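Model, not experiment: these values are computed from the prediction. We're numbering straight along the sequence, starting at 1.
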Amino acid sequence: METGEGAGGPGGPDGQGIRFGCASFNQDSTSLALGTKTGYKLFSLTTVEKLDCIHESAETPDVYIVERLFSSSLVVVVSTAMPQRMNIYHFKKGTEICNYSYPNNILSVKLNRQRLVVCLEESIYIHNIKDMKLLKTLLNTPFNPSGLCALSINHSNSYLAYPGSATIGEIIVYDANNLSTVTMIPAHDSPLAALTFNASATKLASASERGTVIRVFSIPEGLRLFEFRRGMKRYVNISSLSFSPDGQFLCASSNTETVHIFKLEQMGPSGEDEAATWSAYMGKMFSAASSYLPAQVSGMMSQDRAFATVHLLTSGQRNICTLAMIQKLPRLLVATDDGQLFIYNVDPQDGGECMLAHKHRLFGVDDDQDEGTEPEGSEVTGPAQAYPSYAATAALPASGPVTATLTGYSEDGGAVKGEVIPEHEFAAGPVCLDDENEFPPINWCRDGTGGVQGRRS
């Protein structure tokens with residue numbers, strides 16, 4: 001559920017070094033990671049009123065990529081000081097697991113429990129996350145200056161989506177487990193701006209640089225399922241797309257003040273499933289009238305509009321959004337580049353304007369440039385919590401949801417320390433859940449393809 005910052009944005013290696021370099025939600029939106037001028041921070045998103053800073057590192061300055069693997073102790077960090085090197089840390093132990101260097105600047109990193117994907121401007125590197133072995137290098141990919149790509153969090157298939165063209169909105173869907181291309185989707189007329197999978201990897205949402213239309217496709221077939229119109233009056237830069245945990249809603253944020261939430265629902269044969277509202281009535285009227293209008297006009301009229309919206313206080317700011325279940329209720333979370341996190345309540349029945357539940361500052365007094373500014377919202381510091389090891393998280397089975405409130409994965413590893421999980425079809429060998437042995441020492445790992453060089457600590 002994360003959204004990486006592009007190289008040209010505030011988090012890119014060519015950025016201006018602002019103290020808030022990047023932000024990303026982890027795969028199940030239970031954690032928020034921030035890259036800063038001095039390092040990175042990790043926040044827990046388990047309650048609305050209280051925001052706990054569970055870890056803060058000041059060892060790596062000017063971080064522009066930080067990604068956490070679910071609720072494990074594994075964190076991937078890239079800094080503007082060394083934009084061609086990826087560092088992987090065990091933050092709970094305060095140790096570096098390994099680092100890898102690439103021939104050009106790293107633009108984005110995506111990970112699930114099976115694969116770690118590194119995206120450069122014209123190449124993509126796919127690693128086995130259990131031992132960081134380089135499995136595949138996709139060379140000469142279309143020019144991708146923002147590092148746009150998406151990796152499904154469902155590691156039983158590990159679908160990877162990335163632009164298939166630099167001039168039009170083609171999407172390549174790649175199977176990162178079997179290392180083969182699945183399909184190519186002609187999604188938009190303009191170049192792609194945003195991509196995201198739903199939790200089960202059965203749907204893929206996309207938006208183009210125009211930002212007026214968001215489309216949803218079936219995976220792996222690549223058939224168009226839904227088309228949503230964000231607006232008709234102006235082009236915008238869509239910076240973030242995210243499905244809800246159950247896949248029934250899709251949120252989109254941009255450089256405007258409005259965040260849109262769309263509902264993915266199929267109409268019944270006679271339309272009984274649609275509520276008897278004025279908008280529903282007008283939708284039926286538009287649908288009936290579209291048969292008499294030119295195709296371009298009728299297509300525009302038949303597209304679904306937002307089910308719910310949020311109006312932020314300001315526009316023009318970079319932000320990321322996600323939909324999550326917090327305290328058993330659906331919420332919309334928006335992190336903005338001025339260091340604030342907004343949490344809104346979402347009405348899953350009636351939609352409409354979402355109500356602000358809480359606002360948190362992601363930087364305290366010591367972090368603010370203005371020393372007289374008091375932190376807003378709730379306290380953002382708290383005691384570190386006990387989190388499962390990376391190996392425990394990576395070894396979780398792919399079968400079904402294990403929590404009542406979130407479709408996805410449990411926060412507890414579900415395994416006893418020291419227990420050995422039998423080898424499965426993708427792992428290089430047994431995964432030991434003893435923290436001290438989960439990363440056996442390897443001096444150097446080299447691969448001749450693409451010039452990638454890795455070091456195990």
Side-chain angles (χ1 to χ4, degrees), residues 1-4 24-29 67 69-70 76 107-120 123-130 134-138 141-142 144 146-165 169-188 192-207 214-226 240-248 250 264 322-323 394 396-401 407-409 424-427:
M1 308 284 179
E2 72 282 5
T3 300
S24 67
F25 295 102
N26 67 340
Q27 294 80 4
D28 55 5
S29 298
E67 298 285 344
L69 178 63
F70 289 90
V76 178
L107 302 181
S108 65
V109 177
K110 306 296 179 184
L111 56 164
N112 62 24
R113 291 192 176 96
Q114 202 62 54
R115 296 289 181 257
L116 185 148
V117 175
V118 178
C119 184
L120 311 187
S123 58
I124 296 175
Y125 297 82
I126 302 173
H127 295 265
N128 179 19
I129 202 168
K130 294 185 182 298
L134 179 63
L135 302 176
K136 182 74 173 181
T137 303
L138 303 176
T141 55
N144 185 10
S146 66
L148 176 64
C149 66
L151 180 68
S152 65
I153 68 170
N154 185 341
H155 60 281
S156 62
N157 46 49
S158 292
Y159 288 129
L160 170 68
Y162 62 92
S165 169
E170 291 182 350
I171 305 172
I172 301 296
V173 179
Y174 188 86
D175 186 336
N177 280 348
N178 296 313
L179 305 177
S180 60
T181 300
V182 176
T183 188
M184 189 280 290
I185 303 174
H188 303 271
L192 298 171
L195 292 167
T196 190
F197 287 97
N198 66 341
S200 60
T202 57
K203 296 182 179 68
L204 172 68
S206 66
I214 297 167
R215 295 190 171 111
V216 179
F217 302 90
S218 65
I219 299 297
E221 301 84 7
L223 302 176
R224 187 189 300 184
L225 300 177
F226 301 93
S240 179
L241 289 174
S242 180
F243 284 95
S244 61
D246 60 6
Q248 296 301 306
L250 173 67
L264 285 68
T322 191
L323 291 163
L396 288 176
S399 58
T407 303
Y409 305 93
H424 60 83
E425 61 177 316
F426 296 122

(message) Are the side chains of Y174 and Y162 in contact, using a 4.5 Å heavy-atom criterion?
(response) yes
(request) Report the distance from atom CZ of F70 to atom CD1 of I153, rounding to the nearest 0.5 Å. (result) 5.0 Å
(request) Work out which heavy atom in L241 is nearest to a heavy atom in A194; give both atom names and the distance. (result) CD1-CB, 3.7 Å
(message) Just verifying a value: how many Å separate Q27 CD and T322 OG1, rounded to the nearest 0.5 Å?
(response) 11.0 Å
(message) For a quick test of reading the model, state the closest non-hydrogen atom pair linking I185 to G222 and the distance between them.
(response) CD1-CA, 3.7 Å
(message) Within this structure, what is the CG-CD distance for the pair N157 and Q114, rounded to the nearest 0.5 Å?
(response) 10.5 Å
(request) May I ask you to decide if H127's main-chain N or O and R115's side chain share a donor-acceptor pair within less than 3.5 Å? (result) no
(message) Before you tell me yes or no, could you show the steps for V216 and L204 under side-chain contact (heavy atoms from CB on, under 4.5 Å), namely the whole-Å CA-CA distance, both residues' side-chain angles and the distance that decides it to 0.1 Å?
(response) CA-CA 6 Å; V216 179; L204 172 68; over 6 Å; no
(message) My understanding is that only residues two or more places apart in sequence, or in another chain, count here; which of them pass side chain to side chain donor-acceptor pair (under 3.5 Å) with N144?
(response) none
(message) Any donor-acceptor pair under 3.5 Å linking the side-chain atoms of R215 with those of H188?
(response) yes
(message) Go through it in stages, so that I can follow the logic: the residues are D246 and S244, the test is side-chain hydrogen bond (donor to acceptor under 3.5 Å, both in side chains), and I'd like the CA-CA distance, side-chain angles, deciding distance and then a yes or no.
(response) CA-CA 5 Å; D246 60 6; S244 61; 2.6 Å; yes
(request) Check whether any side-chain heavy atom of L195 sits under 4.5 Å from a side-chain heavy atom of L148, and report yes or no. (result) yes
(request) Output yes when a side-chain donor or acceptor of N198 lies under 3.5 Å from a complementary backbone atom of G247, and no otherwise. (result) no
(message) I'd like to check L179 versus L135 (side-chain heavy atoms, cut-off strictly below 4.5 Å). Are they in contact?
(response) yes
(message) Does any part of the side chain of K136, heavy atoms only, come nearer than 4.5 Å to the side chain of L134, both counted from C-beta?
(response) no
(message) Within the structure provided, determine whether V173 and F217 are in side-chain contact (heavy-atom separation under 4.5 Å).
(response) no
(request) Measure the spacing between OG of S152 and CD1 of I219 and express it to the nearest 0.5 Å. (result) 9.5 Å
(message) Test of understanding: with side chain to side chain donor-acceptor pair (under 3.5 Å), list the residues that count as partners of E221, not counting sequence neighbours.
(response) S218
(message) Tell me the closest heavy-atom pair linking A205 and L250, and the distance in Å.
(response) CB-CD2, 3.8 Å
(message) Using side-chain contact (heavy atoms from CB on, under 4.5 Å), reason through I172 and T141 one step at a time and then give a plain yes or no.
(response) CA-CA 10 Å; I172 301 296; T141 55; over 6 Å; no
(request) Using atom types as modelled and distance alone, determine if a side-chain donor or acceptor of S108 lies under 3.5 Å from a backbone N or O of G147. (result) yes
(request) Mind checking the CG-CZ spacing from N154 to F197? Nearest 0.5 Å is all I need. (result) 10.5 Å
(message) Tell me whether Y125 contacts the main-chain N or O of C119 through its side chain, where contact means a donor paired with an acceptor under 3.5 Å.
(response) no
(message) Consider side-chain contact (heavy atoms from CB on, under 4.5 Å). Of L151, L160, V117, which one does N112 pass it with?
(response) L151
(message) Testing the 3.5 Å rule here: is there a donor-acceptor pair between the side chains of S158 and N177?
(response) yes
(message) Let me confirm one number: the CG-CD1 distance from L192 to I171, rounded to the nearest 0.5 Å.
(response) 5.0 Å
(request) Indicate yes or no: at least one non-hydrogen side-chain atom of I124 is less than 4.5 angstrom from one of V118. (result) no
(request) Output yes when a side-chain donor or acceptor of S165 lies under 3.5 Å from a complementary backbone atom of G169, and no otherwise. (result) no
(message) Assess, by modelled atom type and distance only, whether the side chains of S242 and T196 contain a donor and an acceptor separated by less than 3.5 Å.
(response) no
